[in-house]
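Have a look at the structure below before the remarks.
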Amino acid sequence: MGQCVTKCKNPSSTLGSKNGERESGSKSHSKRSVVHKDDHGSACGKSSGDILVNGTKKTDAAVESSQPPTFSGDTKKDSVSSAEESSLQRIGELFRRYKDEREDAILEEGMERFCNDLCVDPTEFKVLVLAWKFQAATMCKFTRKEFFEGCKAINADSIDSICARFPSLLNEAKQEDKFKDLYRFTFQFGLDSEEGQRSLHREIAIALWKLVFTQNKPPILDQWLHFLIENPSGIKGISRDTWNMFLNFTQVIGPDLSNYSEDEAWPSLFDTFVEWEVERRKKEEETKCIMSSDTEGLCAEEQT
């Protein structure tokens with residue numbers, strides 16, 4: 001934090017210095033020089049005249065010098081700086097309340113207590129949004145930098161103020177461009193950075209897809225997740241490209257999948273999904289027809 005430095009100027013002393021330098025080199029015996037000497041004595045306070053060299057009345061100068069100078073800009077900066085320092089202190093106290101004893105970070109145990117005080121479940125969408133605003137690199141962990149920068153980003157420095165920000169944060173996550181950023185963040189958030197993972201485990205990807213689409217669930221999501229669950233052997237992990245393209249898929253392809261084309265640059269997993277889902281729907285329709293025909297046959301027998 002910077003410090004504001006206030007510099008005050010004394011008009012009377014400055015004025016005396018300038019006149020002193022001007023008169024010190026004058027040795028003329030003319031009346032004009034006498035007048036200047038008298039003026040010089042008056043400016044230094046050694047004469048009883050009422051007028052100073054610059055034409056200001058002595059009484060006015062005395063009033064001006066007696067009034068302390070005001071610097072509204074510096075005062076405002078000082079107050080803002082003081083408020084920021086107080087807020088940083090409160091953020092520091094909040095961080096120390098949950099940080100690990102050995103590592104300078106909030107880990108799983110501290111995160112649970114943090115979420116408990118916020119009255120949210122660690123697996124809740126609000127926590128994902130908060131992690132997004134904090135730009136957390138790893139699940140169940142906030143570093144000191146992430147916590148401080150995150151609190152400053154949402155303008156909060158206490159449990160109550162963080163809770164108060166949740167409604168606006170959830171509304172922000174509904175905006176198309178913001179949600180896209182949140183969606184892409186979620187993939188990186190789910191990776192184990194310490195192990196150098198480049199793709200999400202299938203189970204983690206399914207859980208994160210359910211979580212990130214909490215507020216705007218696409219119609220095709222349930223079928224997509226059902227496909228991933230029913231085909232565990234053929235799906236080892238979800239790549240970043242597949243994750244990112246699925247958002248485009250939900251925005252472009254209709255629920256009936258009729259406008260999907262394998263000729264377009266979709267991930268191969270989407271081709272497999274569409275083929276699997278279309279076949280599943282056909283079997284479902286056939287089953288319904290068989291059940292319907294059987295029901296009609298029973299009705300006809302009962303009528304006879």
Side-chain angles (χ1 to χ4, degrees), residues 121-129 131-132 139 170-192 195-299:
D121 189 283
T123 61
E124 199 171 333
F125 180 65
K126 289 180 180 178
V127 179
L128 176 63
V129 173
W132 167 55
M139 286 192 292
L170 294 180
N171 285 330
E172 181 181 348
K174 292 179 180 179
Q175 301 174 23
E176 184 175 352
D177 58 332
K178 298 294 185 180
F179 178 74
K180 183 177 181 179
D181 187 62
L182 168 63
Y183 180 83
R184 297 198 169 192
F185 162 83
T186 303
F187 178 86
Q188 185 64 39
F189 184 61
L191 296 176
D192 190 334
E195 293 185 2
Q197 279 186 335
R198 300 181 63 182
S199 61
L200 290 174
H201 291 305
R202 183 176 59 89
E203 296 81 4
I204 297 295
I206 291 172
L208 290 178
W209 260 314
K210 290 180 180 179
L211 184 63
V212 75
F213 282 117
T214 296
Q215 292 192 134
N216 52 346
K217 180 180 176 182
I220 200 65
L221 180 63
D222 287 340
Q223 288 82 1
W224 168 250
L225 298 182
H226 181 58
F227 161 74
L228 296 178
I229 294 171
E230 292 296 318
N231 295 271
S233 59
I235 304 170
K236 296 180 180 180
I238 302 297
S239 68
R240 186 185 299 273
D241 181 59
T242 299
W243 177 275
N244 290 341
M245 290 298 287
F246 182 71
L247 180 60
N248 298 339
F249 183 90
T250 62
Q251 297 169 339
V252 175
I253 305 303
D256 61 357
L257 304 175
S258 60
N259 62 333
Y260 182 83
S261 174
E262 294 183 359
D263 297 332
E264 296 181 8
W266 294 110
S268 59
L269 185 61
F270 290 3
D271 297 340
T272 306
F273 162 64
V274 172
E275 182 180 352
W276 181 86
E277 178 62 15
V278 169
E279 184 66 24
R280 187 192 67 80
R281 292 180 184 184
K282 284 183 179 179
K283 291 180 179 180
E284 190 176 73
E285 287 296 323
E286 291 174 357
T287 302
K288 287 182 179 179
C289 290
I290 293 174
M291 293 180 63
S292 177
S293 61
D294 289 344
T295 302
E296 290 177 356
L298 289 175
C299 291

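We count residues from 1, following the sequence as given.
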Let me see the working for Phe227 and Ile235 under side chain to side chain contact (heavy atoms under 4.5 Å, CB included), right down to the final yes or no. CA-CA 10 Å; Phe227 161 74; Ile235 304 170; 3.9 Å; yes
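- Counting heavy atoms from C-beta on, the side chains of Phe249 and Val274 come closer than 4.5 Å.
- Between atom CG of residue Leu200 and atom CD1 of residue Ile238 there is a gap of 7.5 Å, rounded to the nearest 0.5 Å.
- With Asn259 contributing its side chain and Gly254 its backbone, the two residues share a donor-acceptor pair below 3.5 Å.
- Contact annotation: the side chain of Leu182 approaches that of Phe125 to within less than 4.5 Å [non-hydrogen atoms, C-beta and beyond].
- Counting heavy atoms from C-beta on, the side chains of Asp222 and Lys217 come closer than 4.5 Å.
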Run the numbers on Tyr260 and Asp271 for side chain to side chain contact (heavy atoms under 4.5 Å, CB included), then give the verdict. CA-CA 9 Å; Tyr260 182 83; Asp271 297 340; 2.3 Å; yes
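- Within 6.0 Å of CD on Glu284 lie more than 12 heavy atoms contributed by other residues, nucleotides or ligands.
- For the residue pair Asp241 and Pro267, the shortest heavy atom distance occurs at OD2-CG, 3.8 Å.
- A search for side chain to side chain donor-acceptor pair (under 3.5 Å) contacts involving Thr123 returns Asp121, not counting sequence neighbours.
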Trace of the side chain to side chain contact (heavy atoms under 4.5 Å, CB included) decision for Thr186 with Phe213: CA-CA 11 Å; Thr186 303; Phe213 282 117; over 6 Å; no
With side chain to side chain contact (heavy atoms under 4.5 Å, CB included) as the criterion, how do Lys174 and Asn216 come out once you've worked through the C-alpha distance, each side chain's angles and the decisive distance to 0.1 Å? CA-CA 8 Å; Lys174 292 179 180 179; Asn216 52 346; over 6 Å; no
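- Closest non-hydrogen pair, Ser261 versus Trp266, comes out as O-CD1, 3.6 Å.
- A side-chain hydrogen bond (donor to acceptor under 3.5 Å, both in side chains) check over residues 202-212, counting only residues at least two apart or in different chains, returns the pairs Tyr183-Trp209.
- Environment of NE2 in His201: sparse, with no more than 12 heavy atoms of neighbouring residues, nucleotides or ligands closer than 6.0 Å.
- Residues Asp181 and Trp132 come closest through the heavy atom pair OD2-NE1, 2.8 Å.
- Between Phe185 and Phe189, the ring-plane angle classifies as parallel under the 30° and 60° cut-offs.
- For the atom pair Leu211 CG and Ile206 CD1, the distance stands at 13.5 Å (nearest 0.5 Å).
- The two residues Val129 and Ala173 have their closest heavy-atom pair at CG2-CB, 4.4 Å.
- Of all heavy-atom pairs between Trp276 and Glu230, the closest is CZ2-CB, 4.0 Å.
- Atom CG of Leu128 sits about 10.0 Å away from atom CE of Met139, to the nearest 0.5 Å.
- No side-chain donor-acceptor contact under 3.5 Å links Glu172 to the backbone of Lys178.
- One finds the OG1 atom of Thr287 at 14.0 Å from the NZ atom of Lys282 (value rounded to the nearest 0.5 Å).
- A heavy-atom distance below 4.5 Å is found between the side chains of Leu191 and Arg240.
- Atom CD of Gln175 sits in a crowded spot, with more than 12 heavy atoms from other residues, nucleotides or ligands closer than 6.0 Å.
- Taking the side chain as every heavy atom from C-beta outward, Gln251 and Asn248 approach each other to under 4.5 Å.
- What you find for Val212 and Phe179 is that their closest heavy atoms are O-CE1, 3.2 Å.
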Residues Trp224, Phe270; criterion ring-ring contact (aromatic ring centres under 6.0 Å, His included); working and verdict: CA-CA 9 Å; Trp224 168 250; Phe270 290 3; 5.3 Å; yes
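- Between Glu277 and Arg281 a salt bridge is recorded (basic side-chain N to carboxylate O distance below 4.0 Å).
- Between Leu257 and Gln223, the closest side-chain pair of non-hydrogen atoms is not below 4.5 Å.
- Put simply, the side chain of Leu208 reaches to within 4.5 Å of the side chain of Trp243, judged on heavy atoms.
- Residues Phe187 and Thr242 form no side-chain contact, since every pair of their non-hydrogen atoms from C-beta on lies 4.5 Å or further apart.
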